[in-house]
Amino acid sequence: CVLCGRTDDCTEKYGEKRTYVEYNLTVHYYCLLMSSGIWQRGEEDEGVDGFLITDIRKEVNRAAKLKCNICKKKGASIGCVAPKCKRSYHFPCGLQRECIFQFMEDFRSYCWEHRPVQEFTDKEPRGASQCTICLDLVEHLPVYTVLRSPCCKNAWFHRECLQYQALSAGLFFFRCTVCNNKDKFQKEMLRMGIHIPERDASWELEENAYQDLLHCYQHCDVKRCLCKKGRDYNEPDSKWEIKRCQYCGSRGTHLACSSMRSWEQNWECMECRSIFAKSGKYSKQKKRALATCEKTNGTACILEEPSPKSPRQSSGSPRNFLLQSPKIMCQNLSPCSHRELQASNRVTMSLSPMMSNRNWSLRHSRLREQRREVCNILKELKVQVKTKPTRLNINAENIWSSALKGFRQRIFSPTNTIEVSFSNCKNRSKTNTSAASKHHFFQLLMLHLQNSSLFEGSSGKNLSLDFQALEENLYFEAGKMIAVSLVHGGPSPGFFSKTLFNCLVYGPENVKPALEDVADDDVAQTIKKIKYANSLSNLQATLQDCCEFLAAAGCLRPVTALCDKNMLVNDILICHVIKRVTLPLESFRQGLKTLGVLEKMQMHPDVFSSIMCHKPERLSAKTICDLFTIHSSSDVNKVEGADFWMGYLQDVESGESVVTLEDILLFVTGSCYIPSIGFDPEPTIKFLRIRYPIGNRLLNCLELPITKTYQQFKNKMEFTIRNTLRVERE
């Protein structure tokens, strides 16, 4: 190396040793980085990683005049940066003498006397603990070879172990091995001289490192394999198709070898089943119930009984698992156990009403937290919206037709700012295109969609099958309108059923519908008769009565055991709720992809469920109070004004006022609801010396008068808000 004079080739200690024959130059990478008199003045592909060859020659000449304070030889290119310190040394000599080299910012170097140290308190226990990298003991001493984690109190490491870990993990994966902290840990390690290369982890760079994971396990491991062509034979869509263990995936069975009637049934190997049995996760009652349900043809399994049924997992789905809720789990139980479960729930609720109230409060608290997360996500999507306006002329008497016409016009773009102008067919008058008009338009549009023929059901709605709407591509337009409403400050739908939401997010093949999803009363009664049949003869008679319906649904089949009804009910539900509306569902999904809304739903299903499947909670005094930020000038008694404001909100909430909380919100923002994306700008309050309150909808600012008494404040609020809104309505 032209800088340190050594021939050592140790990448971990000195960096990569590079030789450039055309320049007659060999240099260690770390020697070059830490040299005090050279900088990267070129591009990455010039010279040696941006260090120009001429600059390297000049640095070699400069270092030739300096003697190393450690080995006493010439060529010491690195100097201590501490003020008034004149020590110089070679990079390998500095390592040997325990100097600190900081591989960040200005690439500073500190000699053994001025190097940074970690602070230790006298109260800290002295002793030894295990290094979590090499698992050998490391003593708790303030020495160069030992480093302590800044984020974990009792995490100690060998310096050499940390350096090897950093070189292997790289900048993106190097973090505390105890708590997984990255930012704080890396900052401290860089300060203490650990080099963290700016590259991906070594295991990510290895070619074909994960090739073995792409091969599926295909071998039948049951004790008695029935396949004449051998344990490795696999024929898809037949009884000789190999099913892998749903937990470990490293064991398999032919469907026929474990008496499985279809791929939809899951299977566990003996090893996984024994682990779960020892952990006690499955109660005996659940095992008996599952065993009863799974004996589909009255024959026992040869080796292992099949596991609970679930839809076949799609390889292309982002979520290859079955969404199960208590409601769905109950469908796999017998009618007797289902009734027992209902009775058990009734007893629990009657014995502990305080517990149910607390659960209700926690659930609503969780919903509020999720809606705050949705607000931030939608604000990220709103970055796409440009200032260029697109005007929609909306007929107040026919909201759907005029909205459809506006969304289908050639100049309409969801990334443009939407302005709404209401008109009336009788007098052809138009209102201004204020934010209030846009809020009102989206509110009417969501209300129309909820009650339209595109959806069916009472509270939680699913897609219906409307052939005319399908032909006119209305399902796509409905999805597009919902996506635009969310990003442009409109209300969320809030009427999706859990089944519809899961179909949109996880794909219909991974969803199991419930009886509550059936909107047709006749179909629901037919399914109930089948589900609660208490004998085989009763079941067969019920199937005979509705054979035409079963044939139309593609579910007509011979029934030989009472437990066959469970699979039959599931098939009917899937056919009626999901397969029947496959085309509307796909069209609706394409519409929701507008502005990237569906993609965000799939990335954050839990938080989006809070606005898609749940109506927003009613406005309360606390909600309004938290929504507004209070500002006041120096000569205003802020506390007094805030007290009057809070007292007035309490009166409005308790019904002791002629206005409502929605009226207050409408007066200030032009919207009687809080959009899922929130208000922009955020609502504020100012206490000023004015006669009457003013609602500035452009700034979402409520200017309130300073009064001597609360009654004066209340009278002015009610007079102004009531008359302002009355004039607007007229």
Side-chain angles (χ1 to χ4, degrees), residues 1-21 23-40 47-118 138-139 141-147 157-167 189-197:
C1 173
V2 294
L3 290 170
C4 70
R6 298 200 182 190
T7 59
D8 305 53
D9 188 5
C10 182
T11 305
E12 291 77 11
K13 282 187 177 183
Y14 313 128
E16 184 182 357
K17 184 181 177 182
R18 303 181 183 182
T19 299
Y20 299 88
V21 179
Y23 303 122
N24 191 25
L25 179 71
T26 299
V27 64
H28 289 123
Y29 183 54
Y30 292 173
C31 294
L32 189 58
L33 281 180
M34 301 310 302
S35 290
S36 303
I38 189 172
W39 292 268
Q40 284 178 307
V48 182
D49 291 336
F51 292 98
L52 301 180
I53 300 299
T54 55
D55 291 345
I56 297 176
R57 299 288 188 197
K58 290 179 182 179
E59 179 63 8
V60 172
N61 293 333
R62 185 191 70 85
K65 304 173 185 178
L66 300 175
K67 183 184 292 187
C68 176
N69 287 84
I70 300 171
C71 69
K72 308 303 180 182
K73 295 179 181 180
K74 293 289 184 73
S77 62
I78 304 173
C80 177
V81 298
K84 298 183 180 180
C85 182
K86 297 183 179 181
R87 291 191 178 98
S88 298
Y89 35 84
H90 303 101
F91 183 82
C93 296
L95 284 182
Q96 185 179 353
R97 193 65 172 83
E98 299 182 351
C99 297
I100 291 290
F101 302 96
Q102 295 182 342
F103 292 86
M104 62 176 182
E105 299 174 352
D106 298 332
F107 291 87
R108 298 182 177 184
S109 171
Y110 296 89
C111 67
W112 55 93
E113 185 176 332
H114 300 113
R115 70 190 181 198
V117 294
Q118 291 185 311
V138 54
E139 295 186 0
L141 296 174
V143 294
Y144 174 82
T145 56
V146 174
L147 290 175
F157 308 93
H158 297 111
R159 172 182 287 271
E160 189 176 358
C161 294
L162 276 175
Q163 185 58 75
Y164 277 100
Q165 178 82 355
L167 293 174
M189 294 304 113
L190 286 170
R191 186 181 76 90
M192 296 305 297
I194 298 297
H195 177 221
I196 310 173

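This is a predicted model, so every value here is computed, not measured. The basis for the numbers below is simple: all heavy atoms, side chains too, and nothing from hydrogens, waters or symmetry mates.
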Within a 6.0 Å radius of atom [atom1] on [X], are there more than 12 heavy atoms belonging to other residues, nucleotides or ligands?
X: N61; atom1: CG; result: yes
X: E160; atom1: CD; result: no
X: E139; atom1: CD; result: no
X: Q96; atom1: CD; result: no

Are the side chains of Y14 and C1 in touch, meaning some heavy atoms are under 4.5 Å apart?
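Y14 does not reach C1 side chain to side chain.
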
Heavy-atom check, side chain of V117 versus side chain of P142, under 4.5 Å
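Of all side-chain heavy-atom pairs linking P142 with V117, none is under 4.5 Å.
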
[atom1]-[atom2] distance between [X] and [Y], expressed to the nearest 0.5 angstrom:
X: D8; Y: H28; atom1: CG; atom2: NE2; result: 6.0 Å
X: Y29; Y: T11; atom1: OH; atom2: OG1; result: 13.0 Å
X: R97; Y: C71; atom1: CZ; atom2: SG; result: 13.0 Å
X: R108; Y: C80; atom1: CZ; atom2: SG; result: 11.0 Å
X: S77; Y: I56; atom1: OG; atom2: CD1; result: 11.5 Å
X: I196; Y: M189; atom1: CD1; atom2: CE; result: 8.5 Å

Does E16 have any salt bridge (charged side-chain N to carboxylate O under 4.0 Å, His left out) partners at least two apart in sequence or in another chain, and if so, which?
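So E16 forms a salt bridge (charged side-chain N to carboxylate O under 4.0 Å, His left out) with R18.
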
Could you tell me which residues satisfy salt bridge (charged side-chain N to carboxylate O under 4.0 Å, His left out) with R159, sequence neighbours excluded, listed by chain and number?
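Partners of R159 by the salt bridge (charged side-chain N to carboxylate O under 4.0 Å, His left out) criterion come out as none, since no residue qualifies.
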
Write down the atom of [X], the atom of [Y], and the distance for their closest heavy-atom approach.
X: S88; Y: L66; value: OG-CD1, 4.3 Å
X: I70; Y: C93; value: CD1-O, 3.3 Å
X: I194; Y: L190; value: O-CD2, 3.5 Å
X: M34; Y: F107; value: CE-O, 3.3 Å
X: A64; Y: K74; value: O-CD, 3.5 Å
X: F157; Y: V138; value: O-CG2, 4.0 Å

Short side-chain to backbone donor-acceptor contact, [X] and [Y], under 3.5 Å:
X: Q163; Y: H195; answer: yes
X: Q40; Y: D49; answer: yes
X: R87; Y: N69; answer: no
X: K58; Y: I38; answer: no

Any residue meeting side chain to side chain contact (heavy atoms under 4.5 Å, CB included) with Y23, in chain and number order, not counting sequence neighbours
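Checked Y23 against side chain to side chain contact (heavy atoms under 4.5 Å, CB included); matches are Y20, L25, I53, R57.
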
Verdict with supporting geometry, F101 and Y30, ring pair (Phe, Tyr, Trp, His ring centres under 6.0 Å):
CA-CA 10 Å; F101 302 96; Y30 292 173; 9.2 Å; no

Please determine whether side chain to side chain contact (heavy atoms under 4.5 Å, CB included) holds for the pair Q165 and H158, giving the CA-CA distance in whole Å, both sets of side-chain angles, and the decisive distance to 0.1 Å.
CA-CA 11 Å; Q165 178 82 355; H158 297 111; over 6 Å; no

Between E59 and F51, is the side chain to side chain contact (heavy atoms under 4.5 Å, CB included) condition met? List the steps.
CA-CA 11 Å; E59 179 63 8; F51 292 98; over 6 Å; no

Aromatic rings F91 and F103: how do their planes relate, parallel, tilted or perpendicular, breaks at 30° and 60°?
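Answer is perpendicular, since the angle exceeds 60°.
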
